[in-house]
Amino acid sequence: MTSIIASPADLLARLLPAHPGGGLRVTDPATGQVVATVLDGGTADATAAVDAAARAFPAWAATPARHRSDVLLRAYQLMTERSADLAELICLENGKSRADALAEVGYAADFFRWSAEEAVRSDGDFTPTPTGGARAIVTTRPVGVSALVTPWNFPAAMITRKAGPALAAGCTVVIKPASETPLTAYALARILTEAGLPPEAVTVVPTSSAATVVGAWLRDARVRKLSFTGSTPVGRRLLAQAAERVVNTSMELGGNAPFVVAADADLDAAVAGAMIAKFRNGGQACTAANRFYVHAEVIGEFTERFGAATAALTVGPAASGAQIGPLISARAVEGVDALVQDALARGARISHRAPAPEGDCYYPPTVLRDVPPDADVVTEEIFGPVAPIVAWQTEDELLIMLNGTELGLAAYVFSADLRWALKLAEATEAGMVGVNRGVVSDAAYPFGGVKQSGIGREGGRDGLRAYQETQYLSVDWR
Ligand code: NAD
């Protein structure tokens with residue numbers, strides 16, 4: 001599985017389609033070296049992508065669902081066959097560890113498989129009307145050309161989670177990947193076309209000017225859907241722009257996941273869960289545990305065990321086999337460090353820390369103790385390998401802290417008392433809650449947030465519905 005690449009050029013030749021060159025530089029965060037240059041798209045590229053998607057839409061929408069399902073299943077198989085190469089590509093442009101990259105490829109491919117399975121299970125209804133004399137047919141149709149805008153932290157999964165259900169529903173897509181990670185997007189587009197998707201049904205438009213490309217799409221009357229994953233501030237702006245033409249939108253935005261440890265929790269399980277909830281992707285996940293609320297009775301022991309596991313993490317480039325890679329950029333490191341410095345200035349202490357190599361993009365995995373509950377590192381999305389721990393004593397004060405935020409994506413609860421854990425989970429304002437588990441993401445279940453963490457769900461049964469419109473036909477039955 002862990003093929004060592006001879007050079008990026010070999011890898012890129014194996015995975016990427018022919019694509020337009022240009023001035024957008026893709027760098028390896030581990031070395032700062034430019035590994036490729038790609039199209040730096042502008043308004044004309046955005047419009048050309050929609051031209052293609054609009055041309056391809058009627059024929060693709062009219063294909064039998066079984067055909068669309070078969071194409072997506074082949075795409076799943078191709079991703080699986082190429083998983084080692086795809087993981088190398090993700091490491092190259094994103095910097096995450098090889099284990100995280102391989103896990104991402106598996107998770108991402110699953111959205112093609114799940115969408116293939118869902119493609120043939122479209123809902124519908126045929127009923128006599130309550131007042132009699134008529135029959136009602138309720139059916140669905142694809143929403144149309146869909147613009148997919150994705151972040152860099154999961155360069156493959158954030159695309160397949162959208163493109164899978166969109167194509168399954170009969171939509172065609174234009175994709176604007178994060179400017180940091182366009183190569184994986186190209187590799188996925190090639191896989192889809194090799195699997196039998198008409199080339200015009202998927203176009204990737206990388207750009208250094210996201211507002212130009214996405215703005216052009218939102219003004220284009222042929223674009224009927226915007227599915228966005230990214231930060232809450234950008235999501236808010238795009239919602240305002242989408243309002244102009246009342247574009248159908250799905251929003252997967254920022255998170256600030258609490259991780260609760262009760263006094264009766266199995267601490268081995270809680271530490272194992274904390275390690276994955278916090279350090280998967282180096283903490284650069286919207287579902288990452290952002291704030292740890294540990295019952296005062298066990299906070300000392302939990303902090304020692306979790307801290308020891310954190311201090312033992314290895315940090316370095318993916319090629320070294322390290323568990324934690326660099327952050328995406330030097331700017332990201334500065335942002336994480338500013339949160340830590342603010343907490344330290346307010347009385348927090350570094351409890352445990354792993355060594356990290358020199359380099360602009362590395363940040364040492366860190367556990368903070370004695371953190372004030374209102375410190376920025378608790379209230380803001382960290383997006384890095386830092387775990388602030390706060391004590392709690394009563395359920396009432398815990399709930400106030402859990403829900404005292406405008407974000408509500410994921411949450412985690414560890415307790416031996418499942419009844420208490422479920423009660424707390426139901427009282428937590430979050431779209432997803434892991435109970436005695438540090439991972440919630442699964443293509444088969446609805447992923448998404450409440451409050452300012454988003455609108456709509458991806459995956460599960462809801463995933464396909466996001467790309468369908470309901471149509472109701474009222475039929476005279478006399
Ligand atoms: P970001 O909002 O900066 O960028 C996301 C995408 O939007 C990128 O493609 C970017 O180029 C584009 N973009 C940026 N400004 C834009 C503008 N003015 N107009 C149009 N497009 C614009 O987010 P990021 O830094 O890439 O990703 C990190 C954020 O994403 C975090 O907040 C994280 O929680 C969130 N995220 C959420 C989920 C989820 O499913 N809820 C998943 C992954 C990441």
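Whatever order the structure lists ligands and atoms in, that order sets their numbers, starting from 1.
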Proximal ligand 1 atoms for [X], defined as those under 4.0 Å from one of its heavy atoms:
X	result
Asn153	43 (C), 44 (C)
Gly255	34 (O)
Leu238	19 (N), 20 (C)
Ala178	9 (O)
Arg237	18 (N)
Ala211	18 (N), 19 (N)
Leu409	41 (N)

Quick check: does [X] get an N/O under 3.5 Å from an N/O on ligand 1?
X	value
Ser231	yes
Leu253	yes
Thr150	yes
Glu381	yes

Does [Y] offer a backbone N or O that forms a donor-acceptor pair with the side chain of [X] under 3.5 Å?
X	Y	result
Glu88	Leu11	no
Thr287	Ala285	no
Ser83	Thr80	yes
Arg353	Thr366	no
Trp114	Gly460	yes
Asp360	Ala330	no
Glu381	Asn256	no
Thr31	Gln33	yes
Lys278	Ala289	yes

Which residue holds the protein heavy atom closest to [atom], what is that atom called, and what is the gap in Å?
atom	value
atom 27 (O) of ligand 1	Pro151 CB, 3.4 Å
atom 16 (C) of ligand 1	Val234 CG1, 3.5 Å
atom 24 (P) of ligand 1	Trp152 NE1, 3.5 Å
atom 11 (O) of ligand 1	Lys176 NZ, 3.0 Å
atom 35 (C) of ligand 1	Gly230 O, 3.1 Å
atom 7 (O) of ligand 1	Phe228 CE1, 3.1 Å
atom 22 (C) of ligand 1	Ala210 CB, 3.3 Å
atom 38 (C) of ligand 1	Cys286 SG, 2.9 Å

Measure the distances from the heavy atoms of [X] to every atom of ligand 1 and state whether one is below 4.0 angstrom.
X	answer
Phe383	yes
Gly454	no
Gly449	no
Arg161	yes

Is Asp220 salt-bridged to Arg245, going by a charged N under 4.0 Å from an acidic O?
no

Do Glu194 and Arg190 sit within salt-bridge range, that is, some charged N less than 4.0 Å from a carboxylate O?
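Looking at Glu194 and Arg190, the cut-off is met.
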
Nearest protein heavy atom to atom 4 (O) of ligand 1: under 4.0 Å?
no

Can you tell me which portion of [X] lies within the under-4.0 Å heavy-atom range of ligand 1? Options are side chain, backbone, both, or neither.
X	value
Met158	side chain
Phe447	side chain
Val214	side chain

Straight-line distance of Phe302 CZ to Phe414 CZ, nearest 0.5 Å
8.5 Å

For the residue pair [X] and [Y], establish whether any side-chain heavy-atom pair is separated by less than 4.5 Å.
X	Y	value
Leu197	Trp60	yes
Tyr412	Arg437	no
Glu118	Leu72	no

Going through the distances and angles, do Arg161 and Tyr107 end up as a side-chain contact (heavy atoms from CB on, under 4.5 Å)?
CA-CA 9 Å; Arg161 201 162 80 177; Tyr107 174 56; 3.4 Å; yes

